[in-house]
2 protein chains.
Amino acid sequence: MNALFKALNDPTRRAILELLREQPRTAGEIADHFQFSKPTISHHLDLLRQADLVSSDKQGQFVTYTLNMTVMDELLGWLLQFKS
Amino acid sequence: MNALFKALNDPTRRAILELLREQPRTAGEIADHFQFSKPTISHHLDLLRQADLVSSDKQGQFVTYTLNMTVMDELLGWLLQFKS
DNA sequence: TAGGTGTTTAGACAAATGTCTAAATAATAT
DNA sequence: ATATTATTTAGACATTTGTCTAAACACCTA
């Protein structure tokens, strides 16, 4: 839960999630959408992976990142606890 | 949205929200539930207020904090965008 | 085996964060 | 008035965070 909120507490990381909502993308493709350096984006992806918000799959030299919804459900559950 | 995620990115602040879920409480009552100093809790309450997650109401020397659900709905909306 | 491309790791650094103590403010009670 | 209680403000300080550049690693191609 800590890693989840930590990962979500950054606008760039949230934008990455919204980007991946459309389709999986490679690290490079993701980086191209932002003005930060590739190492910076790589670090953001690492935090998203630590929170289990994305999964990564290496195919050759490319690493493809995919959105992982299951952990969002955990957040949803936490949130719904307040709606009652 | 930034202030919201920032406010949620701390276990103490999330615990405060869960505490206020039961009923409104004064700053002192809230502080009594934690081992941190009162100024520290006061600061946490300030961040929660900035995110509009709680509202505060001063009556005499006591300040009562109340959970505000409307902004949680905003988060819920953001979350549901991924569920489709 | 080289050289090129995609990605991550390492290390540095300024800015933000969470905590504390001491002091200030505000309301109440004697 | 003075002291007591409730809360916040101010300032300090160590830790964490987001960013960068330079270098390393991994894979591919000729």
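In what follows, chains carry the letters A, B, and so on, assigned in the order in which the sequence lines appear, proteins first and then strands, with residues in each chain numbered from 1. None of these values were measured; they are calculated from a predicted model. Computation of the quantities below employed the complete heavy-atom set of this structure, encompassing side-chain atoms and omitting hydrogens, waters and symmetry-equivalent molecules.
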Quick check against the 3.5 Å criterion: does [X] have a side-chain atom that pairs as donor or acceptor with the backbone of [Y]?
| X | Y | answer |
| --- | --- | --- |
| A:N68 | A:S55 | no |
| A:R14 | A:L8 | yes |
| A:R13 | A:K6 | yes |

Length of the [atom1]-[atom2] vector between [X] and [N], whole Å:
| X | N | atom1 | atom2 | value |
| --- | --- | --- | --- | --- |
| B:D32 | D:dT7 | CG | P | 9 Å |
| B:F34 | C:dC20 | CZ | C1' | 17 Å |
| A:F62 | C:dT7 | CZ | C1' | 10 Å |
| A:I41 | C:dT8 | CD1 | P | 11 Å |
| A:D46 | D:dG18 | CG | C1' | 13 Å |
| B:Q50 | D:dT8 | CD | P | 13 Å |
| A:D10 | D:dG18 | CG | P | 5 Å |
| A:L47 | D:dT19 | CG | P | 10 Å |

Task: Test side chain to side chain donor-acceptor pair (under 3.5 Å) applied to B:D46 and B:Q50, B:H43, B:H44, the passing residue - done: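 Running side chain to side chain donor-acceptor pair (under 3.5 Å) over B:Q50, B:H43, B:H44 with B:D46 returns exactly one hit, B:Q50.
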Phosphate OP1/OP2 of [N] contacted by [X] side-chain N/O (<4.0 Å):
| X | N | result |
| --- | --- | --- |
| A:H43 | C:dA10 | no |
| B:T26 | D:dT7 | yes |
| B:S42 | D:dT8 | yes |
| B:S37 | C:dT19 | no |
| A:K6 | D:dT17 | yes |
| A:Y65 | C:dT8 | yes |

May I ask you to check whether A:D57 and A:Q59 show a side-chain donor-acceptor distance below 3.5 Å?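 Result is yes, a qualifying pair exists.
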- request: Select one nucleotide: of D:dT7, C:dT7, D:dG18, the one nearest the side-chain heavy atoms of B:V63.
  value: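 Within the option list, the nearest is D:dT7.
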Note to self: I want to confirm an ordering. Mapping A:K58 and A:P39 to their closest nucleotides on DNA chain C, which one lands closer to the 5' end?
What the structure shows: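 It is A:K58 whose nearest nucleotide is closer to the 5' end.
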Select from B:Q35 and A:E29 the residue whose nearest nucleotide in DNA chain C is closer to the 5' end of that strand.
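The residue mapped nearer the 5' terminus is A:E29.
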Does B:R49 or A:Q61 map to a spot on DNA chain D nearer the 5' end, using the closest nucleotide for each?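 Looking at DNA chain D, the more 5' nearest nucleotide goes with B:R49.
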